[in-house]
Structure formats: structure tokens, C-alpha cells
Amino acid sequence: MSSMNFRSSKQTIKPPQRGIFPLDHDSECKPYMEKYISCLKGQQDKHHLCRELSKDYLQCRMDRQLMAAEDLDQLGFSEEAKVENAVEYDKSKEKEGFIAGKHIDGRLKW
């Protein structure tokens, strides 16, 4: 029979890790989130076209202390990180029957 180990001391609470933040139980930022989700649906999930809405949503969460306040440039919203004239891959190779790795002859020797 296995023994159960219970501590009688208090458990220490650790602060959340980066990227983990409380849920928006009061729906304070829900309008921003809905605009962003709507944009994603309308743009066929091309997030770079909804960049400003994403930025507004994150700013709302920071303003209401639902996530740690950080410089938005550090979160990928700097001018250098801006995506312009993105071209979607058309999967032409796959349509022609290309299979990744199929061109490799012989068995690999590890």
C-alpha cells in the first residue's frame, strides 16, 4: 500500500509565468477580443492583417492588470516586426504530388 504524504505547512504561491495571465471574468476586454476574432475570421486567419486590433486587445489587458505591463514593441508590435506584402504559400508542390523526404535515397545510417 502506498503512503500518502501531506504537508502540514503552508503552500507557497508562485507568481504566474510569463505568458500566463488571469481570465477576463468581468469581460472588460471582450469588445476588443471580439473585434480581433471577427477580423481574423474575415481575413481568413491572416493575423498580420489584424495587427492593430491585437495590439488594442493586449493594451486593454495591460491597462486592466489582466497581464503584466510590457512594452508592445517587445511583444512583436515594433515597426521592424511589421509584416508587409505577405504572400501566402500556394501549396503548388503538394498539388503536384511532392512529398517531403521522398527524394532521399537509401536508408539513413545513424
Side-chain angles (χ1 to χ4, degrees):
M1 187 180 224
S2 64
S3 64
M4 301 190 72
N5 187 5
F6 294 102
R7 288 187 177 180
S8 60
S9 64
K10 283 178 117 181
Q11 290 182 338
T12 57
I13 298 173
K14 297 179 185 176
Q17 297 172 354
R18 182 179 176 157
I20 300 174
F21 41 82
L23 296 175
D24 187 6
H25 292 291
D26 297 328
S27 300
E28 297 175 80
C29 297
K30 190 171 183 176
Y32 295 98
M33 185 249 329
E34 288 174 339
K35 286 180 190 174
Y36 177 63
I37 297 297
S38 176
C39 179
L40 285 175
K41 288 179 182 176
Q43 299 294 340
Q44 300 167 337
D45 292 323
K46 297 175 185 159
H47 62 88
H48 63 280
L49 299 176
C50 305
R51 185 173 194 257
E52 288 303 313
L53 295 172
S54 175
K55 187 177 181 178
D56 294 342
Y57 173 64
L58 291 175
Q59 187 63 57
C60 175
R61 291 191 62 87
M62 285 188 267
D63 292 345
R64 288 158 180 79
Q65 299 173 349
L66 293 170
M67 66 181 283
E70 287 194 46
D71 182 17
L72 288 169
D73 288 350
Q74 297 296 319
L75 294 176
F77 292 99
S78 66
E79 283 302 312
E80 295 84 36
K82 192 171 186 176
V83 177
E84 293 180 355
N85 303 322
V87 178
E88 187 174 343
Y89 176 61
D90 64 357
K91 299 184 181 180
S92 58
K93 285 184 175 182
E94 288 82 353
K95 289 175 185 174
E96 294 173 7
F98 175 80
I99 299 174
K102 186 119 179 165
H103 65 284
I104 300 173
D105 294 326
R107 185 181 172 113
L108 294 177
K109 297 176 184 175
W110 297 95

Looking at [atom1] of [X] and [atom2] of [Y], how far apart are the two atoms once the value is rounded to the nearest 0.5 Å?
{"X": "Gln59", "Y": "Asp63", "atom1": "CD", "atom2": "CG", "answer": "4.5 Å"}
{"X": "Glu84", "Y": "His48", "atom1": "CD", "atom2": "NE2", "answer": "10.0 Å"}
{"X": "Glu70", "Y": "Leu58", "atom1": "CD", "atom2": "CG", "answer": "10.0 Å"}

For [X] and [Y], work out which heavy atoms get closest and say how close.
{"X": "Asp24", "Y": "Lys30", "value": "OD2-N, 3.7 Å"}
{"X": "Ala81", "Y": "Arg51", "value": "C-NH2, 4.1 Å"}
{"X": "Leu23", "Y": "Leu66", "value": "O-CD2, 4.0 Å"}
{"X": "Gln43", "Y": "Leu49", "value": "OE1-CD1, 3.2 Å"}

**Asked** Could you walk me through whether His47 and Ser54 pass the side chain to side chain contact (heavy atoms under 4.5 Å, CB included) check?
**Response** CA-CA 8 Å; His47 62 88; Ser54 175; over 6 Å; no

**Asked** Are any side-chain N or O atoms of Asp26 and backbone N or O atoms of Glu28, one a donor and one an acceptor, separated by less than 3.5 Å?
**Response**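 No; zero donor-acceptor contacts below 3.5 Å.
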
**Side chain proximity check, Leu72 to Met62, heavy atoms < 4.5 angstrom** =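 Yes, their side chains come closer than 4.5 Å.
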
**Request:** Under the side chain to side chain contact (heavy atoms under 4.5 Å, CB included) rule, collect the residues that match up with Lys91, sequence neighbours excluded.
**Result:**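 Scan of Lys91 (side chain to side chain contact (heavy atoms under 4.5 Å, CB included), adjacent residues dropped) gives Tyr89, Glu94.
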
Under 3.5 Å, which donor-acceptor pairs do the side chains of residues 32-42 form with other protein atoms, sequence neighbours left out?
none

